[in-house]
Amino acid sequence: TRNALQAASPFQQRGGSSSSHQTRRTAAPPCLRVRASIGLPAEGILPVGLRVESLPRHVAVTIDGNSRWAQARGMPTSAGHAALQPALEETVRLSRAWGIRVLTVFAFSDQNWNRPKEEVDFAMGVFDRFIQDNVAQFVRDGIRLHVIGDLSRLPTYLQKTAHDAEEETRSNSQIDLMLGISYGGRADILQACKKIAQKVYNKLLRPKDIDDSLFADELQTSWTDEFPYPDLLIRTSGELRLSDFMLWQSAYTELFFTDTLWPDFGEAEYLEALMSFQSRDRRFGKRKL
Ligand SMILES: CC(C)=CCC/C(C)=C/CC/C(C)=C/COP(=O)(O)OP(=O)(O)O
């Protein structure tokens, strides 16, 4: 059944036959492998309507709408940012329970530095608290954390918290949690170009060797080596755009937009997104068989 499931899976593959990522792909569908390793049966714990063989392997979320959530309640913006944590913890918990292999969270873009300093400072504290409050749980639950973005711009205390949490969770393998803070999709592409150009300059690489897979290996998302491309991208709060999130990686990602503001995003909304994903016809540019 494993092979049958794999053959039936309409998921995105990356790179050509020479891709190192290709060889790292394992035989069992990851959702089954993860579920088995945490003691869940292949089916049964999943909410009714979700099919294990066609769950997204990599889910990305843009956690938008925190300020508007606070405004609607007559609360300060900071209260909205603080309210992002419970929804995020629940999304991580559900993703793991349902066998999602990679969860990427877009929390702060490289353009968000242009917001008022007070708001930015508060947000950095929120991200720090989220990591510190959860790292022990991540260790217990087999969650491997990695922060992507221009980390050199983060306050030193957050750099340390992120680094320590990455170290503590490094050997975990149930689910990869990728947190984008000071992340920009264009910036990621540019830094990859610079690294490749340097290799060409140093004669370690020939221009003709540069292909999709080699390029993707230089992107920050390549640390999660099995499924670096999101199958599903969810953006909350009703905005219908990518806002510079994983531009290269999202070429064939299914998009799901909801009006729900991030602090109100819970199990029902997550399920709605996954059900929508399961109803999509992913073709990757090919003619339908
Ligand atoms: C200070 C602080 C906590 C900022 C957080 C900003 C914020 C809304 C984060 C939510 C996630 C995010 C990076 C959205 C990108 O949209 P965008 O709002 O950056 O881009 P847009 O202008 O295109 O909607």
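Start at 1 with the first residue, then count along the sequence. Counting starts at 1 for both ligands and their atoms, following the listed order.
Salt bridge present: Lys199 and Glu218 bring a charged side-chain N and a carboxylate O closer than 4.0 Å.
Shown here is Arg73, whose CZ atom has more than 12 heavy atoms of other residues, nucleotides or ligands within 6.0 Å.
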Please tabulate, line by line, the atom pairs linking an N/O of ligand 1 to a protein N/O at a distance below 3.5 Å, with the distance in Å to 0.1, or answer 'none'.
from: ligand 1; atom 1: 16 (O); to: Arg235; atom 2: NH2; distance (Å): 3.2
from: ligand 1; atom 1: 18 (O); to: Arg115; atom 2: NH2; distance (Å): 3.3
from: ligand 1; atom 1: 19 (O); to: Asn112; atom 2: ND2; distance (Å): 2.9
from: ligand 1; atom 1: 20 (O); to: Ser243; atom 2: OG; distance (Å): 3.3
from: ligand 1; atom 1: 23 (O); to: Arg241; atom 2: NE; distance (Å): 2.8
from: ligand 1; atom 1: 23 (O); to: Ser243; atom 2: OG; distance (Å): 2.6
from: ligand 1; atom 1: 24 (O); to: Arg235; atom 2: NH2; distance (Å): 3.0
from: ligand 1; atom 1: 24 (O); to: Arg241; atom 2: NE; distance (Å): 3.3
from: ligand 1; atom 1: 24 (O); to: Arg241; atom 2: NH2; distance (Å): 2.9

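Here the options are Arg101, His58, His146, the test is side chain to side chain contact (heavy atoms under 4.5 Å, CB included), and the partner is Asp176; only Arg101 passes.
Partners of Phe215 under the ring-ring contact (aromatic ring centres under 6.0 Å, His included) rule, at least two apart in sequence or in another chain, are Trp248.
In terms of heavy atoms, Leu55 sits closest to Phe277 at C-CE2, 3.9 Å.
For Arg186 (side chain) and Asp244 (main-chain N/O), no donor-acceptor pair under 3.5 Å exists by modelled atom type.
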